[in-house]
Structure formats: C-alpha cells, structure tokens
**Student:** 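The following block contains the structure, expressed as structure tokens.
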Amino acid sequence: MKINLMEEAKQKNRVILTTFTKKITIDGHTTAYSVYQIDLDYLYYNNQNDRIATWLNKYLSEGNKFPTDKEEYNKVIENFIVESNPQAIKETKSNIDLVDQREPGVVLNDGRIIDGNRRFTCLRQLHKEQPLKHQFFEAIILDKDINTDTKQIKLLELMIQHGEETKIDYNPIDKLVGLYNDVIKNKILTEDEYKYSTNMRTLDFNNKKAEAQLMIDFLDYIEKPGKFYIVRDLNLDGPLLELVAILKKTPEDKIEDLKKAVFNMFLVSKGDLTRTTRRIKKIINYPVYLDQFINDHLKISEKIIDSVFEISNEKDLIGNLSNNSDLKNDVNNALAKAEEGVGLENLKDGPLVQTQKALNTLNLLNVDLISKMESSKIDDLIDLLNDLENRIKFIRGKINV
C-alpha cells in the first residue's frame, strides 16, 4: 500500500508537477505548496479521518478488519464516504465532470489522503466511467508520517475541515467522536490546540466536550460502550446539546438520575427529540415535580435495563424499545404528568404574579400629570379608582375565606 510520491514525481509520468500552489498552515507557519497531479491508483483513504468516524467505528465493532489489498481497502472506505452523504457525492461528481477538480487536496508522501476524500471518491467513480478523462487527483504532497507526525496531521486536518473551509456537511456526531478521541480519550491534542484548529470559542468547546461525555454516558447506560454509530443513527446531537444546558441548571444531587430519565426518552420517544428534551427545562425549577419525573423514570429504567440484558444486538434493542407501546406510554405520561403539575403550580401563583404586575404598572403612573387633566378625564379616573378599590375588597374577601 505504501509508495513514495516525491520519488515518483521525478519520473514525471504518474505524479506530475503543475504550475499551481495551495497555501496551508502547519505549526503556525503558512506556506504555499506545489500542486501535483497524482495517479488515482497511488492513493488511499485515511482510516483515521474523523469525517467518517462513526462508519469506521461500526465496521470495526462488527468484527471486520481492513483488507490488506489497497483497492479492496479503498472500496470499503469509499462506501462509507458515499453512505455518509450520497447527495453531496452526486453534486460534487457532477461538478468535477463538468469543470474538473478545482480545489486541490492534501496527501502524505505515502499516498494517504488527509483532505479531499469526497473529491477522490468522485474521481474514482468517474475514472471507471471515463478512464481517459479522469486519471489524476490534484493535491499537495506533505513529507509527513501518520505515525510519527500524528499531532501535526490531526491539527492540519481539523483546520482544513473546520477552521479554514468550515464544511457544513460534517456529521455532528462524527465531529463529536473526533473531539472525544483526539482530546479526551487519546489526548493527541490539548483543549487549546483543538479550539485553535477548529476556530471554536471556549464556551462552545466546553459545551461540546460536555456533550461528548454525555454521549459516552448514554452508550454505557445501554451497555454498548464505544458504539458511536448508535448515537449517529438516533440523531442525538441536538438532544444531547439540550441536555447539556438542562444539567447546568439541575441540582447536583439530581443530575445522574435526570440523565438516565432523558436517556430513556432518547431510546423510546419518536419525532423531534430535541424539542421533546427541551420541555424538561420547565420542570427542573420545581423540585416536587422534578422528583416525581425522576421517580417515574426509575421504574421505566428497570424495564429498559431488562431489555438491554435480554437483547444483545443493538439494532434489535433500539427497535424493540422504540416500538414498545407500554414503554412509550410510560415515558410520555411521565413528562406530561410533570408538565401538568408545573402548569397547576403556575396557575396557583397566578394571582400573585398578576397583582405584582398591576402594582408595577400603577407605580409607573406620573401623578404630577393629574392636575393638568381635563375635569371630565379626572371624573373618569375617579371612577376607575373606585372600581380598583372595589376589586381589591373582593380579592381580600377571597383571601379571608
């Protein structure tokens, strides 16, 4: 699978120097690198690419191993690239066929692609259809090694994918897995290095880091540690981020139990999970109904844990839980009951809130203007004040009942 592209460039037949350059930043230094046309057969995908982290994760979790043959290896990862965003592949392929490759990629000297996986995929497909028209991938060549220059390569990849080009089609869970692997688990990068490379604010990074930890907690809860593709398939990026915000306002002694309650919702509820999760914000400020919600979910958790132990296959597990009508009713009722309690609590406080608003409005009244009012308007004001006094007497009467 290995090859020395710079040596091949000297032969000028399958690695050809062009007149173009591409600027990239490595270790804080921006340099213009020469662009080469590289024979497609010399190149191979990067199996450490965060863009397809969950697809690689699923492939390996199922007991598969990457083929040693380069073409077979490329076919496996090409399938992940296509499946992760088939519409983007279709559009990019059409564009390259029409106007050729416009944006150079980045490859290592051994042929490993660091940036340009989708373009490479499209060119591979086009080469099969039109072998003479599409033979080369245009890219700069870095004399780096994936094993000895891991941090530099990871920083460059992040800067290209997030900082410089701000790719909008990067699956948020794949990005989350990348953050977890690179910063939390493997500690390839420091927090500051990650923030700098992705142009991410500290607040946003802290939220994403907390979200990544919740992802780990969720998978541990369902006894499927490290199977990140489950989180991707459930589209939990939005719900997890909502949960981060909710837990910030949750009493510390309630956090673990509330997490499990929300995890139950992730497993059972259907529809817009982000919006459903957001509804919990109404409950956390009312200890009685928060406790009620948590206690209801402790019973639900027992049923879910039983299913986790009985069903080992994650696809069957998720399907079984999400289609269990009894569980679904239990989850829906727990949230609805807590919300109803909060609603009644708000109604009970309604008279106090409305009276305070009325007093605040009266306090804004400029009494100096009364002397300047017409006599007829003053009479109207007196009538209104009499009505107010009568209303106050009526309310006081209700208090004494």
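Starting from 1, each residue takes its place in the sequence as its number.
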**Student:** Hey, are Lys133 and Asp100 close enough for a salt bridge, meaning a charged N less than 4.0 Å from a carboxylate O?
**Tutor:** no
**Student:** Main chain of Tyr59, side chain of Asn64: is a donor-acceptor contact present, judged purely on distance under 3.5 Å?
**Tutor:** yes
**Student:** Ignoring hydrogens and geometry beyond distance, is a side-chain donor-acceptor pair present between Lys195 and Thr202 at under 3.5 Å?
**Tutor:** yes
**Student:** Looking at Asp39 and Asp41, would you say the former's side chain and the latter's main chain have a donor-acceptor pair under 3.5 Å?
**Tutor:** yes
**Student:** Is the closest basic N to carboxylate O distance between Asp220 and Lys224 below 4.0 Å?
**Tutor:** no
**Student:** For Tyr44 and Asp110, run side-chain contact (heavy atoms from CB on, under 4.5 Å): C-alpha distance rounded to whole Å, both residues' side-chain angles, the deciding distance at 0.1 Å, then the answer.
**Tutor:** CA-CA 9 Å; Tyr44 67 100; Asp110 67 352; 2.8 Å; yes
**Student:** Flag the pair Leu176 / Val231 as yes when at least one side-chain heavy-atom distance between them is below 4.5 Å, and no otherwise.
**Tutor:** no
**Student:** Decide side-chain contact (heavy atoms from CB on, under 4.5 Å) for Asp50 and Val177; before the verdict, give the C-alpha distance in whole Å, the side-chain angles of both, and the deciding distance to 0.1 Å.
**Tutor:** CA-CA 7 Å; Asp50 289 343; Val177 173; over 6 Å; no
**Student:** Of all heavy-atom pairs between Leu189 and Tyr194, which one has the smallest distance, and what is that distance?
**Tutor:** CD1-CD1, 4.2 Å
**Student:** Tell me which one of Arg275, Lys281, Arg279 satisfies side-chain hydrogen bond (donor to acceptor under 3.5 Å, both in side chains) with Glu242.
**Tutor:** Lys281
**Student:** Which pair of heavy atoms, one from Val82 and one from Ile89, lies closest together, and at what distance?
**Tutor:** CA-CG1, 4.0 Å
**Student:** Is the closest side-chain donor-acceptor distance between Glu91 and Asn95 under 3.5 Å?
**Tutor:** no
**Student:** Please report the interatomic distance CD1(Ile173) to CG(Asn235), rounded to the nearest 0.5 Å.
**Tutor:** 8.0 Å
**Student:** Answer yes or no: is there a donor N or O on one side and an acceptor on the other, between the side chain of Glu7 and the main chain of Asn4, under 3.5 Å?
**Tutor:** no
**Student:** Should the pair Glu103-Arg118 be classified as a salt bridge under the 4.0 Å nitrogen-to-oxygen rule?
**Tutor:** no
**Student:** With no hydrogens and no angle check, is any side-chain donor or acceptor of Asn46 less than 3.5 Å from a backbone partner on Arg112?
**Tutor:** no
**Student:** Kindly give the heavy-atom pair with the smallest separation between Phe266 and Leu273, and that separation in Å.
**Tutor:** O-CD1, 4.0 Å
**Student:** Measuring from Leu258:CG to Thr250:OG1, what's the distance to the nearest 0.5 Å?
**Tutor:** 5.0 Å
**Student:** Let me know which of Lys175, Lys208, Lys185 forms a side chain to side chain contact (heavy atoms under 4.5 Å, CB included) with Tyr180.
**Tutor:** Lys185
**Student:** Hey, are Glu129 and Arg124 close enough for a salt bridge, meaning a charged N less than 4.0 Å from a carboxylate O?
**Tutor:** no
**Student:** Please check this pair: side chain of His127 against backbone of His134, looking for a donor-acceptor N/O pair closer than 3.5 Å.
**Tutor:** yes
**Student:** Check the side chains of Thr21 and Ser34 for a donor-acceptor pair under 3.5 angstrom, ignoring hydrogens and angles.
**Tutor:** no
**Student:** Would the Tyr73 and Tyr45 ring centres measure less than 6.0 Å apart?
**Tutor:** no
**Student:** Please answer whether the main-chain N or O of Leu132 pairs with a side-chain N or O of Gln135 as donor and acceptor at a distance below 3.5 Å.
**Tutor:** yes
**Student:** Taking 4.0 angstrom as the limit, do Arg119 and Glu138 come out as a salt bridge?
**Tutor:** no
**Student:** Rounded to the nearest 0.5 Å, how far does CG of Asn85 lie from CZ of Arg51?
**Tutor:** 8.5 Å
**Student:** Report yes or no: does Ser61 contribute a side-chain atom to a donor-acceptor pair with the main-chain N or O of Asn57 at less than 3.5 Å?
**Tutor:** yes
**Student:** Is it true that Lys75 and Glu78 make a salt bridge, defined as a side-chain N closer than 4.0 Å to a carboxylate O?
**Tutor:** no
**Student:** Given side chains that start at C-beta, do those of Tyr36 and Leu5 come closer than 4.5 Å, heavy atoms only?
**Tutor:** no
**Student:** Considering non-hydrogen atoms only, spot the tightest contact between Ile52 and Asp174 and give its length.
**Tutor:** C-OD1, 3.8 Å
**Student:** Are more than 12 heavy atoms, taken from residues, nucleotides or ligands other than Gln152, located less than 6.0 Å from that residue's CD atom?
**Tutor:** yes
**Student:** For Lys259, is there an ion pair with Glu256 - N to carboxylate O distance below 4.0 angstrom?
**Tutor:** yes
**Student:** Would you say Asn181's side chain and Ala53's backbone share a donor-acceptor pair under 3.5 angstrom?
**Tutor:** no
**Student:** Which distance, rounded to the nearest 0.5 Å, do you find between the NZ of Lys254 and the CG of Leu247?
**Tutor:** 14.0 Å
**Student:** Has the side chain of Asn360 got a donor or acceptor atom that lies under 3.5 Å from a matching backbone atom of Gln356?
**Tutor:** yes
**Student:** State plainly whether the residues Asp330 and Lys303 are in salt-bridge range, i.e. N to O under 4.0 Å.
**Tutor:** yes
**Student:** Testing the basics here: between Val183 and Phe205, what is the closest heavy-atom pair and its distance to 0.1 Å?
**Tutor:** CG1-CZ, 4.2 Å
**Student:** Distance from Leu156 atom CG to Ile114 atom CD1, nearest 0.5 Å?
**Tutor:** 7.0 Å
**Student:** Would you call Tyr33 and Ile24 a side-chain contact if the rule is heavy atoms closer than 4.5 Å?
**Tutor:** yes
**Student:** State, without any angle test, whether Gln292 and Asp296 hold a side-chain donor-acceptor pair at a distance under 3.5 Å.
**Tutor:** no
**Student:** Okay, side chain of Ser84, backbone of Ile81: is any donor-acceptor separation there less than 3.5 Å?
**Tutor:** yes
**Student:** Has Lys90 got more than 12 heavy atoms of other residues, nucleotides or ligands less than 6.0 Å from its NZ?
**Tutor:** no
**Student:** Is a side-chain donor-acceptor pair under 3.5 Å present for Glu191 with Asn206?
**Tutor:** no
**Student:** Working to the nearest 0.5 Å, report the span between CG of Asp306 and OG of Ser301.
**Tutor:** 10.5 Å
**Student:** Would you tell me whether Lys337 and Asn332 have side-chain atoms, one donor and one acceptor, within less than 3.5 Å of each other?
**Tutor:** no
